[in-house]
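Heads up, the thing below is written out as structure tokens.
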Number of protein chains: 2
Amino acid sequence: MMSKTSKELLEQFRSQCKARGLSITPQRTAIYEALIGSQDHPRTEDIYNRVKTAFPDMSIDTVYRTLCLFAEIGFVHLVEGYGEAKRYDPDTECHHHFRCMRCGRILDFREPRFDALDVPERFKQNCAVSNIKVVLEGVCDHCLQKTVES
Amino acid sequence: MMSKTSKELLEQFRSQCKARGLSITPQRTAIYEALIGSQDHPRTEDIYNRVKTAFPDMSIDTVYRTLCLFAEIGFVHLVEGYGEAKRYDPDTECHHHFRCMRCGRILDFREPRFDALDVPERFKQNCAVSNIKVVLEGVCDHCLQKTVES
DNA sequence: TACTATATAAGAATGATTCTTGTTCAGCAA
DNA sequence: TTGCTGAACAAGAATCATTCTTATATAGTA
Ligand SMILES: [Mn+2]
Ligand SMILES: [Mn+2]
Ligand SMILES: [Zn+2]
Ligand SMILES: [Zn+2]
């Protein structure tokens, strides 16, 4: 199936907001557009930088608030990390990550085999497991290249 | 095999420090002991609280510095999270985590099937993958219990 | 168009972590 | 043992990410 056009995504954004009684403000729309236009895993400040060309006096607090809201309602996901600035994932379909421990780059990958790993019995019985993710760690191709060069 | 006694672990700590030219200070020793004596995933401040009974005027900066050092040299691991305070793992053997999204509790589990999942070809070829971890997310038994009660 | 609750901007406040600086001490050599 | 020296430390300032407070603006609606 073909992925949604950005026009379709925007329409979906508007109707989801409506359904939840959230105002559709120019700021929220701009932040949403910045998100869907990115294939990476931006920090709040990255999004802030992308929108402030069009909105020179947007407060960074608005970006923090809005991304937090978007994460709550599922427009974006929060990426697992190691205590630095939060990173968001505009791709909310099930997928997994490779994380470069040297430069912080996060690469996506889809691996259906990993989407439904069989969880230990004790979690099945006592906890409510809502999702599983596999995280690969190491050094990315870019960084390996740099190592060779020097 | 039997797991190491704390005396053996301490001896290992001392020789590892020596091998790396690191001074064996009372502060480092106390922090190391606090770590190996814990079965959870403490924050820097948790460790600080545990050692300050014996060292009332230890600076919290020393705990930050020391945990960071211990993570670099592999005495502890850093736990993946979502941007709150860093959490450390004194268990450096390969294992995986369940994370409660409600209370933040992190439960360990060992699942050899997960330790050597077959990584996508493109990472094998271009990146140096140093480890794989599976993260389960959901609501823990404690929190489910609370939900039922109220 | 007017009203009201919601959202925003600006800046202060907070929490975690790191940096700076002057002091102390662990490891080592005499 | 003693003395030296670089590494480690304590204290507090500084920084970074994030959240809170408050006064103002505005989206949705009558
Ligand atoms: Mn992703
Ligand atoms: Mn663990
Ligand atoms: Zn890299
Ligand atoms: Zn819980």
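If you're wondering where the values come from, they're calculated on a predicted model, not measured in any experiment. Side-chain atoms are counted along with the backbone in the values below, which use heavy atoms only and exclude waters and symmetry mates. Chain identifiers are assigned alphabetically (A, B, ...) following the order of the sequence lines, protein sequences preceding nucleic acid strands; residue numbering begins at 1 within each chain.
- Here A:Gln27 lies in heavy-atom contact (under 4.0 Å) with sugar-phosphate atoms only.
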Problem set entry | Residue pair A:His97, A:Asp108: steps toward the side-chain hydrogen bond (donor to acceptor under 3.5 Å, both in side chains) verdict | CA-CA 5 Å; A:His97 288 144; A:Asp108 291 326; 3.0 Å; yes

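- Closest to the A:Tyr64 side chain, of the nucleotides C:dA26, C:dT6, D:dT18, is D:dT18.
- Where B:Leu22 and B:Pro56 meet DNA chain D, the nucleotide closest to each residue was compared, and B:Leu22 sits on the side nearer the 5' end.
- In this structure, B:Gln12 places its CD atom where more than 12 heavy-atom neighbours from other residues, nucleotides or ligands lie under 6.0 Å away.
- Electrostatic pairing of B:Arg99 and B:Glu80 does not count as a salt bridge here, judged by no charged N lying under 4.0 Å from a carboxylate O.
- In this structure, B:Leu69 atom CG and D:dA7 atom C1' are separated by 12 Å, rounded to whole Å.
- With a 6.0 Å radius and a threshold of 12 heavy atoms from other residues, nucleotides or ligands, A:Arg14 has its CZ atom at or below the threshold.
- Closest to the A:Ser59 side chain, of the nucleotides C:dA10, C:dT17, C:dT6, is C:dA10.
- Contact annotation for A:Arg43: no contact, since no heavy-atom pair falls under 4.0 Å across all strands.
- In this entry the distance linking CD1 of B:Ile73 with P of D:dA8 reads 10 Å, nearest Å.
- The CZ-C1' distance, from B:Arg65 to C:dT18, rounds to 10 Å in whole Å.
- Which of C:dT17, D:dT18, D:dC9 sits closest to the side chain of B:Thr66 comes down to D:dC9.
- Across all strands shown, B:Ile60 has no heavy atoms under 4.0 Å from either base or sugar-phosphate atoms.
- One atom, CE of B:Met58, and another, P of D:dG12, lie 17 Å apart when rounded to the nearest Å.
- When distances are taken from the side chain of A:Lys86 to each of C:dA7, C:dA9, D:dT19, the shortest belongs to D:dT19.
- Between B:Glu84 atom CD and D:dC16 atom C1' the separation is 16 Å, expressed in whole Å.
- Between the CZ atom of A:Phe55 and the P atom of D:dA25 there is a distance of 17 Å, given to the nearest Å.
- Side chain B:Asp61 to base D:dC9: no donor-acceptor pair is found below 3.5 Å.
- Per the geometry, NZ belonging to A:Lys52 stands 15 Å off C1' belonging to C:dA10, to the nearest Å.
- Contact check, A:Ser23 against C:dT6: no side-chain N or O comes under 4.0 Å of OP1 or OP2.
- Along DNA chain C, the nucleotide closest to B:Thr25 and the one closest to B:Thr44 are compared, and the more 5′ of them pairs with B:Thr44.
- The side chain of B:Arg28 places an N or O atom within less than 4.0 Å of a non-bridging phosphate oxygen (OP1 or OP2) of D:dA8.
- A:Phe13 has its ring centre less than 6.0 Å from the ring centre of A:Phe75.
- What separates CZ of A:Arg20 from P of D:dG28 is a distance of 16 Å, to the nearest Å.
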